[in-house]
Amino acid sequence: MKGDESMKPKVYIAEPIPKAVEEYITQHCEYEKWQGEGKIPKEVLLEKIRDKDGLLNFGSKIDGTLLEAAPNLKVVSNISVGYDNFDIEALKARNIIGTNTPYVLDDTVADLIFGLMLSAARRICELDSYVKTGQWDREISKEHFGLDVHHATLGIIGMGRIGEAVAKRAKFGFDMDILYYNRNRKKDAEAAYGAVYGSLHEVLQKSDFIVLMTPLTNETYHLIGEREFDLMKETAVFINASRGQTVDEQALITALQERKIYAAGIDTYEKEPIDISNPLLQLKNVVTLPHIGSATLKTRCNMAMTAAKNLVTALSGEIPPHIVKELK
Ligand code: DGY
């Protein structure tokens, strides 16, 4: 693809990416990129994609309307491991390749999950604000105490690569007992981390910490709702760093308000960015983050480079390393 500029495939970069990644793309493709504030508006993307062969994307919905507007499109490369933004049937119907960025973010997301577990259990954000707002005027007492993470029972729902990275930290860093629920049993994780397989019901009932890590699919939409919160211990800490729609957010709010569970640590929401009026933001027993699971400088750079390599490989007529499984 090097050499004659006119022979280079045309791509659109819909998300800011590091310079090194842009330079890599320049060697192989002609490109235009989104340089506006915030997320690219749909109508701009529809216009820009018209003559492009490839799209480097972060979260924009890839549906029939977009694909109709892009007759030359051959590949959509997500800078994310999640690909619930893909309309799989629409991509299949047009024979368009869809790729994602697995592996490079597993440890980073697992670190954040532990951050949420520790913050929610030890009330780190709440008590940080207590100090900063001048309320610390006497020795702390029982009303400030939290829960232990070490030696507690961790329930992992969705034992994929990130689930396993969480299990590793739990087992070897925090001496936790691990239960898990997954579509298939993971014998390797059982052997490596002593993880014990159980039904969703069992995992919810027996765990002190419940970490939800399933991808968003038709089957996992609102996987955790009122019935599931009712099964959890009153001392349970619930963590969601997968996708907001895997949880019925109203049921989560009720569970926290009515103290059906002890606390939650949340990185993903049904609507992102979350509305400031969302009652979740009024609660002390929830730690709320703005979907930063993979957001470290190094990991986001690695994700962008992985996505760029998927894009360039597909456009050179070869099979990219990370085609999403439904499109293989
Ligand atoms: C992913 O890669 O799917 C993450 O959620 C993006 O932060």
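Remember, it's 1-based here, ligands and their atoms both numbered in the order they're listed. Side chains included, hydrogens not; waters and symmetry mates left out as well; all remaining heavy atoms used.
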If we only count N/O pairs under 3.5 Å, is [X] in contact with ligand 1?
X    : answer
T101 : no
G293 : no
G82  : yes

I want to check a possible cation-pi pair here: R169 against F174, using under 6.0 Å from ring centre and within 45° of the ring axis as the test.
no

Under 4.0 Å, counting heavy atoms only: does S294 come that close to any atom of ligand 1?
yes

Taking only heavy atoms of [X] into account, list the atoms of ligand 1 that are under 4.0 Å away from them.
X    : result
L105 : 2 (O)
M303 : 2 (O)
R300 : 7 (O)
R243 : 1 (C), 3 (O), 5 (O)

Is it true that atom [atom1] of [X] has more than 12 heavy atoms of other residues, nucleotides or ligands lying nearer than 6.0 Å?
X    : atom1 : answer
E226 : CD    : no
K61  : NZ    : yes
D188 : CG    : no
K39  : NZ    : yes

Pair Y180 + Y193: ring centers closer than 6.0 Å
no

Using the ring centroid of each side chain, check whether Y269 and H291 are separated by less than 6.0 Å.
no

Looking only at heavy atoms, is any part of N100 under 4.0 Å from ligand 1, and if so is it the side chain, the backbone, or both, or is it neither?
neither

What protein heavy atom lies closest to atom 2 (O) of ligand 1? Include the residue and the distance to one decimal.
V81 N, 2.7 Å

Tell me the protein heavy atom at minimum distance from atom 4 (C) of ligand 1, and give that distance in Å.
H291 NE2, 3.9 Å

Assign the ring pair Y103 / H322 to parallel, tilted or perpendicular, where the plane angle (0 to 90°) is split at 30° and 60°.
tilted

